[in-house]
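Only a predicted model underlies this, so the values are computations on that prediction, with no experimental measurement involved. As the structure lists them, so they are numbered: ligands from 1, and atoms in each ligand from 1.
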Amino acid sequence: MQPTDALALVEYDDDGIATAFRADVLEGLAQDPKAIPARWFYDDAGSELFEAITRLPEYYLTRAETSILSERCSDFRRLIAPGRAVVEFGSGSSVKTPLLLACIEPAAYVPLDISGDFLRASAAELAEKFPGLPVHPVEADFMKPVRLPEAAAALPKLGFFPGSTIGNMVARTAVDLLRSMRLTLGGDALLLIGMDLVKDVAELEAAYDDAQGVTAAFNLNVARRINRELGGTIPLDKLRHVARWNDTYARIEMHLQALEPIEFEVSGHRFGLAQGETIHTENSHKFDRRSQYTLLLAGGWTPVERWLDPDERYSLILAEATRPRNAP
Ligand code: TRP
């Protein structure tokens, strides 16, 4: 069945989130291969499991990024003049954002997030840590251009997009987002963006399939959520977590794989998985310097400087909005 047909199955109800979740799941399970958009990972349980992932020994990304942020303050101060509004895409983590804010003397902090609850909590926490700093949280889907609060709109901006979240998008979506960030932030903006690096496949697969099974629980949580919120009957014990490298796309893919043939219902619609068939749930693209620069340039950002952590597993890049000019 084609996705367009599946869309017609959706019954609309009063609850917008539930409706969107149901639409995405019914459409995704009707596709071949099956896929569920990763944004549905992050209910309360999923957000907590993700926090636990960032502390796993195998999951080097968070520690590597934090080490760059704490080691490179003098570089940031040299390259980023005081007085910018820092616009963070996604909820500010309690560790990374303060490292940046304490370093560069910003004039305002504008966290953007689609989840209002998370946003208000992290904004309040930040405001407490930086008493003199105006904090203007904006509840918005940052995949589209966002109108910033007036107090911040007048200031030059520094976009902050940590966590290699750009890597969770396929290339064309990542370029769309970078272009839309440029519209949100203006022609004199800077962007500080985290991007994970291509490395040994075993090391990458371990980072997304840890020994304690936390990432497996995170992945399975989306199926649990479908059962709970969409009247699903997915047999969780017949699915296993798979993290595998796709070399063509230079990405780790997460899947839920059927251990035996299964049938189940979601919102009254029947679906089946053959033995070994998977539901694709997440991508995490990995980069080298050239692929990073190509992606940034395609999105309207010119690289200024690039830093690696001491183990050279992860990178943070400062870029500036490319000036519109005639190119040969
Ligand atoms: N952007 C991070 C990464 O790709 C965070 C992330 C998104 C993640 N989905 C995940 C981490 C699933 C582990 C599992 O690594």
Side-chain angles (χ1 to χ4, degrees), residues 24 28 35-69 88-97 113-115 118 142-143 160-171 173-174 177-178 192-225 239-246 249-257 278-287 291-292 295 309 311 313-317:
D24 276 358
I36 295 168
R39 63 189 183 116
W40 300 111
F41 277 134
Y42 299 93
D43 62 357
D44 288 347
S47 299
E48 261 171 52
L49 283 165
F50 182 68
E51 283 293 315
I53 287 173
T54 66
R55 292 189 293 269
L56 290 169
E58 295 93 337
Y59 194 77
Y60 58 86
L61 287 81
T62 309
R63 279 185 302 277
E65 187 166 59
T66 304
S67 94
I68 301 171
L69 283 167
E88 179 163 5
F89 295 84
S91 265
S93 88
S94 48
V95 180
K96 291 176 196 170
T97 313
D113 203 281
I114 197 154
S115 151
F118 220 77
F142 62 67
M143 297 303 290
F160 183 43
F161 196 36
S164 201
T165 306
I166 192 79
N168 299 122
M169 290 152 223
V170 299
T173 311
L177 173 58
L178 289 166
L192 188 61
I193 183 168
M195 298 172 105
D196 195 18
L197 301 174
V198 174
K199 59 182 62 64
D200 178 62
V201 170
E203 196 180 348
L204 282 171
E205 288 182 342
Y208 293 88
D209 190 6
D210 61 280
Q212 291 169 57
V214 180
T215 313
F218 176 76
N219 196 6
L220 278 159
N221 181 59
V222 77
R224 186 171 292 117
R225 185 177 180 188
L239 291 176
R240 76 175 188 112
H241 166 70
V242 175
R244 63 162 95 111
W245 176 249
N246 183 328
Y249 290 93
R251 69 190 184 199
I252 289 285
E253 298 181 356
M254 295 203 324
H255 296 258
L256 292 169
Q257 184 176 46
T278 73
I279 305 171
H280 188 176
T281 51
E282 179 66 301
N283 292 315
S284 186
H285 294 80
K286 308 299 168 185
F287 305 89
S291 66
Q292 291 175 328
L295 189 66
D309 65 300
D311 299 328
R313 290 199 275 198
Y314 190 88
S315 67
L316 204 58
I317 298 173

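Nearest heavy-atom pair, Tyr314 versus Ala64, reported as atom, atom and distance to 0.1 Å: CB-CB, 3.6 Å. Closest approach of Phe41 to Asn221, counting heavy atoms only: O-ND2, 3.8 Å. Of all the heavy atoms in Phe161 and Ile166, the pair that sits closest is CE2-N, 3.6 Å. Nearest heavy atoms, Gln292 versus Ser315: NE2-OG, 2.8 Å.
With hydrogens and angles left out, the side-chain atoms of Thr281 and Asn219 include a donor and acceptor closer than 3.5 Å.
Using a 4.0 Å heavy-atom criterion, the residues that approach ligand 1 are Tyr42, Phe50, Ile53, Tyr59, Leu61, Gly163, Ser164, Thr165, Asn168, Tyr208, Thr215, Phe218, Met254, Glu282, Ser284.
Judged by the 6.0 Å distance and 45° axis criteria, Arg63 is not positioned over the aromatic ring of Tyr60.
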